[in-house]
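Working notes, structure below.
The structure displayed is predicted, hence computed values, not measured ones.
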Amino acid sequence: IAMSDNLRGIRSSMEAALTHERLIAVVSAPVVVLLIAVLIIGTAGRLVEHVRLLSSRAKWRATLGGYLAVALFVTRLAGIDSTALANPHTALLASLWDRNDPFVSGAFSESALDDFRPRQVQPETEPSEWHGRAKNCNVVVVVMESVGSQPLGHYGAPHDTTPQLTRLAERGLTFDRIYASQPYTSNAMAGIFCSLYPWHGWRSLPRRAPDLQVTGLGNVLQRRGYRSALVHTGDMRFDNEKRFLEIHGFDEVHDVWTLKTLLPESGREADTPEETPGMHLHLPDGLLLPAALRWIDSDRSQPFFLTLWTIQTHHPYFAEPSRESFTPHDPEQDRYLNAIRVTDRLLGDLMCELDARGLADSTLLVVLGDHGEAFGEHGHRGHSKTIHEEELRIPLVMISPRLSTRPQRLPVLGQQIDIAPTILELMGLNAPKEWQGRSLFAANRSERVYLFTAFHHYLFGVIEGDWKYVYNATTGRRQ
């Protein structure tokens, strides 16, 4: 239901997933089942009749009932997700009467809400040693769609997926323990640009309240004379994303439908969604660079705030035909890792172009992920369903010679809502009072991060130090 207004995206994923082999398997499976049933009935009639006779006796019924009860008990004891064993027809019918969202109740102290209060009711602190290090800098943010820290070579992955990011980080800061609050893109936008936690429901904050009266990072910079734009190779009409961004600080928002207007004439031969029916979801991420450069060069009289948001790392994962083989046993994951390499090359090329324009030393480059992606680590693939590390732990690298002339890794525990306040501190600016996040350099920041998702079960989590606690409000299970 939540995806029903973005059928183009569903169609694109379906077209990538429905290979000839899978279509043959889907069509042939019922035929095979029917043949087996006919074979059993035709050759094992006596056995079927014998089983039917036994099942009519009371002791055999009691035995079968006992077996099912023990099986249910063992399943619950082992922590196996009962929805994986549920009859889909029964579950669908039962959902007609299950209209209430899980509700968490209980006594708590007033101080338990301190971590969620906006800055206007939190005590102020003295500026850190990092305050103003990037004063008057241009700001370029690169958001890697569906990319967590786990698959990145820069974060210790066995695959060499990010050689350019590692090279660029030699003049910057790498944050090793940063989390998205929810593995969902639209809520990540609210967290990154407006320092807000997600709404606790299946509808995202931009979808629920695109006109929410809160100051965005772009709004702050606009008041300081910055021009701003966000360029994305996917579709931002989903979940009211484009409207949310335009209201919260972006002069221009370009996506799959308007990105070509930023390209020079020589680059406009790329297929648009109208021209290529099977490619409704995206344009190649390689178009982000020429579009960004043309926008930067169009007006050098003002400082700029530019965000580039990729798409090729989103399911069904797009990469060039001449890709490397990272995980030959899992072609889907292999495409994903190669798509990360596409983004990594984009980062390297972007910095080269900034350097050629004399902008490298006066630009703060921020690289992060909106959330991660699962490939079966906990029985799930994709994102949104769990709050495990592979879906929520994200990269965050801030690059500028004004920050550091050698690579530094910081172990501070933080989350997406802390990124915008951190950027403003580096620029020597105060964060809006209504923001919920704190600078990653703040002395009195909380030592906890909070996690949530609602697309499978209602899951709430908290990380403090080396401990992680997860509460499933749908089932009541804790871990």
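Scanning both residues, A291 and V231, for their nearest heavy atoms gives CB-CG1, 4.3 Å. In terms of heavy atoms, L152 sits closest to V147 at CD2-CG1, 3.7 Å. In plain terms, the two heavy atoms of R445 and A442 that are nearest each other are CG-O, 3.3 Å. Scanning all heavy atoms of the two residues, the minimum distance from I247 to P210 falls at CD1-O, 3.7 Å. For the pair E425 and F441, the tightest heavy-atom approach, listed with the atom from each and the gap, is OE1-CB, 3.9 Å.
The backbone N or O of Y458 sits less than 3.5 Å from a side-chain atom of T474, completing a donor-acceptor pair. Judged by distance alone, with hydrogens and angles left aside, the side-chain atoms of S181 form no donor-acceptor pair with the main-chain N or O of P198 at under 3.5 Å. N240 places no side-chain N or O within 3.5 Å of a backbone atom of R243 that could act as its donor or acceptor partner. Here the side chain of R341 pairs a donor or acceptor atom with the backbone of D160 at under 3.5 angstrom. Although no hydrogens or angles enter the test, the distance criterion places no donor-acceptor pair under 3.5 Å between the side chain of Q479 and the main chain of Y469. The backbone N or O of K135 sits less than 3.5 Å from a side-chain atom of R402, completing a donor-acceptor pair.
Taking OG1 from T363 and CD1 from I296, the interatomic distance works out to 7.0 Å, rounded to the nearest 0.5 Å. Note that the CG atom of L459 and the CZ atom of R477 stand 10.5 Å from one another [nearest 0.5 Å]. Taking CH2 of W295 as the reference point, atom OG of S228 lies at 6.5 Å (rounded to 0.5 Å). In this structure, CZ in F193 is found 7.5 Å from CG in L217, a value given to the nearest 0.5 Å.
Under the side chain to side chain contact (heavy atoms under 4.5 Å, CB included) criterion, D176 pairs with Y155, T174, R409, not counting sequence neighbours. With sequence neighbours left out, R227 forms a salt bridge (charged side-chain N to carboxylate O under 4.0 Å, His left out) with no residue at all. Here K468 pairs with E389, L451, I463, V470 under the side chain to side chain contact (heavy atoms under 4.5 Å, CB included) rule; sequence neighbours left out.
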Could you go through F455 and Y184, starting from their C-alpha distance and side-chain angles, then the distance that decides it, and tell me whether this counts as ring pair (Phe, Tyr, Trp, His ring centres under 6.0 Å)? CA-CA 10 Å; F455 282 85; Y184 190 60; 4.8 Å; yes
Does the salt bridge (charged side-chain N to carboxylate O under 4.0 Å, His left out) test come out yes or no for R294 and D297, once each step is laid out? CA-CA 5 Å; R294 194 158 187 256; D297 294 339; over 6 Å; no
Mind running side-chain contact (heavy atoms from CB on, under 4.5 Å) on L368 and I178 for me, showing each step along the way? CA-CA 9 Å; L368 69 147; I178 306 299; over 6 Å; no
Would you sort out whether V367 and M144 count as a side-chain contact (heavy atoms from CB on, under 4.5 Å), showing the intermediate values? CA-CA 8 Å; V367 182; M144 301 183 289; 3.9 Å; yes
Any chance you could lay out the ring pair (Phe, Tyr, Trp, His ring centres under 6.0 Å) test for F375 and Y317, step after step, and finish with the verdict? CA-CA 13 Å; F375 286 92; Y317 321 118; 5.6 Å; yes
Checking R133 against M427 for the side-chain contact (heavy atoms from CB on, under 4.5 Å) test, could you report, in this order, the C-alpha distance in whole Å, the side-chain angles of both residues, the deciding distance, and whether it holds? CA-CA 6 Å; R133 291 279 190 98; M427 300 180 73; over 6 Å; no
What verdict does the salt bridge (charged side-chain N to carboxylate O under 4.0 Å, His left out) test give for E353 and R357, after you've listed the backbone C-alpha separation in whole Å, the side-chain angles of each residue and the deciding distance to 0.1 Å? CA-CA 6 Å; E353 293 290 347; R357 287 164 170 76; 2.7 Å; yes
Let me see the working for E390 and R381 under salt bridge (charged side-chain N to carboxylate O under 4.0 Å, His left out), right down to the final yes or no. CA-CA 10 Å; E390 61 270 16; R381 296 178 76 90; over 6 Å; no
side-chain contact (heavy atoms from CB on, under 4.5 Å) evaluation trace for L173 with V397: CA-CA 6 Å; L173 310 175; V397 184; over 6 Å; no
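A ring-ring contact (aromatic ring centres under 6.0 Å, His included) with F116 is found for exactly one of F108, Y450, F452, namely Y450.
Side-chain contact, Y197 with D115: no donor N or O sits under 3.5 Å from an acceptor N or O. A donor-acceptor pair shorter than 3.5 Å cannot be found between the side chains of Q213 and E434. Side-chain contact check for H232 and D255: no donor-acceptor pair (N or O, by modelled atom type) lies under 3.5 Å. Remark: the E252 side chain and the H254 side chain contain an N/O donor-acceptor pair separated by less than 3.5 Å. Side-chain contact, S186 with E241: a donor N or O sits under 3.5 Å from an acceptor N or O. A donor atom on one side chain and an acceptor atom on the other are not found under 3.5 Å apart for E391 and H383. Side-chain contact of T162 with D344: a donor-acceptor pair under 3.5 Å is absent, judged by distance alone. With hydrogens and angles left out, the side-chain atoms of H154 and T166 include a donor and acceptor closer than 3.5 Å.
Taking a 6.0 Å sphere around NZ of K242, one finds it holds more than 12 heavy atoms contributed by other residues, nucleotides or ligands.
Taking the six-membered ring for Trp and the full ring otherwise, the centers of F326 and Y336 sit at least 6.0 Å from each other.
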